[in-house]
Structure formats: structure tokens, C-alpha cells
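A quick write-up on the structure given underneath.
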Protein chains: 2
Amino acid sequence: MPTTPDQKLWTRTRQAVHAEVARTAMELFLSRGFEATTIDDIAAAAGISRRSFFRYFGTKEDIVLGDLAAQGELIRKELEARPADEDAWTALLNALRDAPRLGQDDATMLKISKMLYETPSLRARSIEKHLQWQALLTPEIRRRLGVAPDDEDDLRADAIVACMLACLDIAGEAWTRSNGSRSLEELVLSAVAAVRPSAPDPRRS
Amino acid sequence: MPTTPDQKLWTRTRQAVHAEVARTAMELFLSRGFEATTIDDIAAAAGISRRSFFRYFGTKEDIVLGDLAAQGELIRKELEARPADEDAWTALLNALRDAPRLGQDDATMLKISKMLYETPSLRARSIEKHLQWQALLTPEIRRRLGVAPDDEDDLRADAIVACMLACLDIAGEAWTRSNGSRSLEELVLSAVAAVRPSAPDPRRS
DNA sequence: TGACTGATTGACACTCAGTGCCAGACAGGC
DNA sequence: GCCTGTCTGGCACTGAGTGTCAATCAGTCA
């Protein structure tokens with residue numbers, strides 16, 4: 001019956017509780033707001049003790065943003081798998097486009113996204129996660145550009161990754177402002193087009 | 001005797017106390033670390049009550065980053081004053097270069113900078129400030145590009161400003177890693193060069 | 001000089017996030 | 001049945017940040 005076959009019972013129950021707490025908490029957040037929901041509320045609703053909550057989530061923000069860390073890893077994997085003849089920008093764009101999405105359907109994502117832009121502490125944490133993505137993706141872009149991993153003087157890879165993520169960010173913000181009516185991918189492309197050096201023979205794939 | 005001529009005594013003492021508390025707090029931060037310094041420590045060292053501290057600074061982070069908000073306004077002013085025939089990138093670069101610096105000498109700035117990159121809560125707040133800069137500078141770049149201020153569809157200005165600030169950020173990080181040995185301006189230029197679309201006849205001024 | 005106004009102050013109590021510690025419950029291997 | 005390692009709830013604690021209130025003090029007007 002278990003989705004993930006034979007694992008220690010501990011591991012399975014732990015994952016189940018984790019998911020259940022996250023689900024309960026997100027319901028509370030979306031109904032009464034992130035800041036108005038206390039950890040005690042969540043723990044009570046999920047039927048665990050306050051102390052145990054902190055054994056599953058380091059902070060309240062992690063409930064909302066926990067997936068982002070994993071998502072970064074998925075993007076890195078996707079980026080590594082891009083063909084070697086794609087330039088840095090194209091590879092990044094394709095990796096972002098093709099990386100499997102974690103999380104909910106679009107309608108829920110929009111609600112979460114709105115909450116994120118309205119809540120300073122969430123916004124701050126989400127940008128911290130973007131910094132983690134940057135640290136994750138930069139080595140791969142360095143490799144692609146033929147820059148040594150420890151070359152402190154060459155900022156080209158860092159700049160490209162940072163700008164790509166900045167474009168992703170403003171595109172996400174625009175997507176949220178448009179209530180999800182516009183295509184995120186097109187928004188990202190239009191943002192990148194404004195800064196990307198005249199594309200050197202881009203592959204259309 | 002007062003530096004700022006005739007103002008209400010209240011205003012003058014308030015500014016004096018503000019500056020004194022900030023100075024005292026920065027000393028504590030630099031000697032024993034940001035997180036290891038509590039608000040009670042600061043209040044005690046500055047000779048005011050804990051409650052009064054929060055009447056001068058909303059958060060502990062504001063002591064370190066309070067200047068950044070004002071700095072953003074200075075950059076915006078500088079940007080507005082750039083000649084109309086400079087393209088967006090050049091105008092931004094020159095505004096960042098010429099805006100008057102608030103804050104300490106380079107050695108202290110380096111210490112603060114190191115502390116900033118080592119302390120997650122400070123890092124998060126500083127990026128929030130960068131977002132404020134972005135909101136501040138984008139309208140001016142929109143104007144320069146001839147984009148209507150309320151045009152939600154055109155992300156070009158947003159993208160350029162966001163990428164410029166991203167470049168400033170990674171340059172600042174590289175500057176800090178190099179212990180201030182490299183020129184921040186050159187680092188910014190080299191980062192921007194990696195992403196800026198082939199400069200349309202850049203003015204060298 | 002004295003009364004009034006308004007901003008500032010310290011003290012106290014409070015909420016909430018997050019951590020350390022400890023004793024008990026419980027699954028799994030022997 | 002015993003031992004081991006993990007998870008759990010409860011309790012106490014720190015530290016940030018807020019609301020409230022009475023006392024203080026600069027500035028003003030009479």
C-alpha cells in the first residue's frame with residue numbers, strides 16, 4: 001500500500017506527518033493569512049505538539065518555501081543534462097522550462113504567490129532560496145563557459161546566473177500581478193530578451 | 001553650536017541619540033558579532049531603555065542597513081540627472097558610480113560587508129533593500145525607454161534594473177571575498193559586460 | 001511666572017518564534 | 001523479554017517586537 005515501497009516505517013510516517021502538517025498549515029495560511037497564523041494554531045490543527053512542529057520545520061516560512069530548495073536541485077540536474085552546444089542563456093532557459101514542477105496547481109500557486117509578495121518575511125526567505133539556486137547553478141555555467149571553478153576574478157558565469165534568476169523573479173512578480181493570466185514562460189523570455197547579449201545563433205528546441 | 005542650524009531641539013537630540021545608538025551598536029556588532037549582540041546589550045551600552053531603542057530602530061537589522069534606504073534615494077536622484085542621451089545601462093552605471101556614498105571608510109565597510117554576508121537575517125534584509133532600490137529606479141528607466149509607467153506588459157525596464165542590481169550584488173560579494181583588494185567599480189563593470197547587450201555606442205564619460 | 005500642549009521616556013506586561021533539556025513511548029533487532 | 005535508537009510532548013528559557021501608561025521635559029502662550 002505504501003507509495004514508496006519498502007522503507008523503514010519511521011521514514012514513511014515521518015514523511016506522512018510532514019506532508020500532513022504542511023497541508024494543514026497551508027490551509028490555515030490561505031484562509032486567515034500567513035502572519036495571522038501562529039505555530040500554535042498549526043500544531044493544534046495538525047494534532048501535534050508545538051515542540052514537534054519544529055522537528056519537522058525549522059521555521060514557519062519553511063512550510064511555504066521548503067519545496068524551493070528541492071526545486072533548485074531539480075533545475076541543476078536539468079541544466080547539467082542540457083546539450084553542450086547550447087550557450088549559457090539558452091541552457092538556463094531550457095532547464096528552467098523543463099525542470100519538473102513541485103507544488104500545487106496553478107490556482108493554488110497563484111494564491112501562494114500573492115501571499116509571498118505580500119508577506120515581507122516570506123519574500124525575504126524566498127530570495128534567500130534564490131541565492132541558493134544561484135550558488136547551485138553557477139558552477140555548471142562556469143563549466144560551460146570554460147571558467148575554472150575557483151577563479152575568483154571571472155564573474156561572467158555569476159553575472160549570467162544572477163541576471164537569469166532576477167529575470168525569473170520579475171517575471172514571476174508580473175505573472176502574479178496579472179493573476180496568472182499571462183504565460184510565465186513568455187514573461188521570462190521577454191524579460192531575458194531585454195538584457196541578453198544579442199543571442200549567438202539560439203537553438204529553437 | 002548646532003551643526004544643523006535652527007531646528008527644534010527635539011529633532012536635534014533625536015538625531016544625536018539615533019547616531020549615538022547606531023555607533024554604539026556597530027561597535028558591539030563588530031567586536032562580538034551581530035547575532036551574539038542582543039538589543040538589551042545595545043540599550044544598556046547606549047544608556048537608554050530597551051523600549052526606547054525600538055523607538056529609534058524598528059529592528060536590529062535596521063541599525064546596519066538603515067542607510068541603504070537613503071542611499072537608494074540618492075542613486076535615484078543621480079539617475080534622474082544623467083543626460084538623456086545615455087542609454088539605460090550607461091545611465092545606471094554612472095548613477096551608481098557617482099552617487100554620494102553614505103557610511104564609513106573602506107576598512108569598516110569591509111568588516112560590515114563580511115558581517116552582512118555571514119549573517120542570514122542581515123543578508124535577507126539587505127536584499128529587501130535592493131528590491132526597494134529596484135522599485136525606485138525602474139520608473140526612471142521606463143521613462144528613458146519610453147515605456148508607460150503603468151504598462152504591465154513591458155518588462156524591459158524592470159529586467160534591466162533588476163540585472164544591474166544583481167550585478168552590483170555579485171560584484172559586492174566578490175569585492176568582499178577579495179578583502180577589498182579589487183576595485184568595486186571594475187568588478188561591477190566586468191559583471192555587467194557579461195550580460196549587457198552589445199553596447200549601442202556607449203559614451204565614455 | 002505659571003499653565004497648557006505635545007513629544008519622549010522608562011517600566012511593565014504581553015505575544016510569538018525558536019531552542020535546550022528531559023523523561024516517556026515505541027518500533028526493530030537480538 | 002531486553003537493549004537501542006528515534007520520536008514525542010512538556011517545560012522552561014531567550015530574544016525580538018508591541019501595547020499601554022504614567023512621568024518627564026521642551027516650547028508656547030498668557
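Computation of the quantities below employed the complete heavy-atom set of this structure, encompassing side-chain atoms and omitting hydrogens, waters and symmetry-equivalent molecules.
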(message) Once ring-ring contact (aromatic ring centres under 6.0 Å, His included) is applied, do any residues pair with A:Tyr56, and if so which ones, sequence neighbours excluded?
(response) none
(request) Can you tell me the distance, in whole Å, between the CG atom of A:Asp62 and the P atom of C:dT19? (result) 10 Å
(message) We want to know whether B:Arg50 and B:Thr38 form a side-chain donor-acceptor pair, criterion being a heavy-atom distance below 3.5 angstrom.
(response) no
(message) Tell me which residues in residues 112-127 of chain B lie within less than 4.0 Å of DNA chain D, going by non-hydrogen atoms.
(response) none
(message) So, does B:Tyr56 get its side chain near the phosphate of C:dT8, meaning an N or O under 4.0 Å from OP1 or OP2?
(response) no
(request) Using side chain to side chain contact (heavy atoms under 4.5 Å, CB included) as the criterion, list what pairs up with B:Ala25, not counting sequence neighbours. (result) B:Phe29, B:Ile42, B:Ile63
(request) May I ask you to evaluate whether A:Arg14 reaches the phosphate of D:dC7, defined as a side-chain N or O under 4.0 Å from OP1 or OP2? (result) yes
(request) Applying side chain to side chain contact (heavy atoms under 4.5 Å, CB included), name anything that partners A:Leu96, two or more places apart in sequence or on another chain. (result) A:Ile75, A:Met164, A:Leu168
(request) Nearest whole angstrom, please: distance from the P of C:dT15 to the NZ of A:Lys60. (result) 16 Å
(message) Taking side chain to side chain contact (heavy atoms under 4.5 Å, CB included) as the definition, give me every residue that meets it alongside A:Pro120, ordered by chain and number, with sequence neighbours left out.
(response) A:Glu35, B:Glu128
(request) Please identify each residue that fulfils salt bridge (Lys or Arg N to Asp or Glu O under 4.0 Å) with B:Arg51, with sequence neighbours left out. (result) none
(message) According to ring-ring contact (aromatic ring centres under 6.0 Å, His included), who are the partners of A:Trp175, at least two apart in sequence or on a separate chain?
(response) none
(message) So, using ring-ring contact (aromatic ring centres under 6.0 Å, His included) as the criterion, who are the partners of B:Trp133 when residues are at least two apart?
(response) B:His130
(request) For DNA chain C, determine which residues of residues 30-43 of chain B have any heavy atom closer than 4.0 angstrom to one of its atoms, and list them numerically. (result) none
(request) Nearest whole angstrom, please: distance from the C1' of C:dA25 to the CZ of A:Arg55. (result) 13 Å
(request) Identify, with sequence neighbours excluded, every residue that meets salt bridge (Lys or Arg N to Asp or Glu O under 4.0 Å) alongside B:Asp151. (result) none
(message) Which residues in residues 44-54 of chain B have a heavy atom closer than 4.0 Å to any atom of DNA chain C?
(response) B:Ile48, B:Ser49, B:Arg51, B:Ser52
(request) Could you check B:Arg142 against B:Asp154 for salt bridge (Lys or Arg N to Asp or Glu O under 4.0 Å), going step by step and ending with a plain yes or no? (result) CA-CA 9 Å; B:Arg142 288 190 108 104; B:Asp154 194 324; 5.8 Å; no
(request) Would you please name every residue forming a side chain to side chain contact (heavy atoms under 4.5 Å, CB included) with B:Leu136, sequence neighbours left out? (result) B:Glu73, B:Arg76
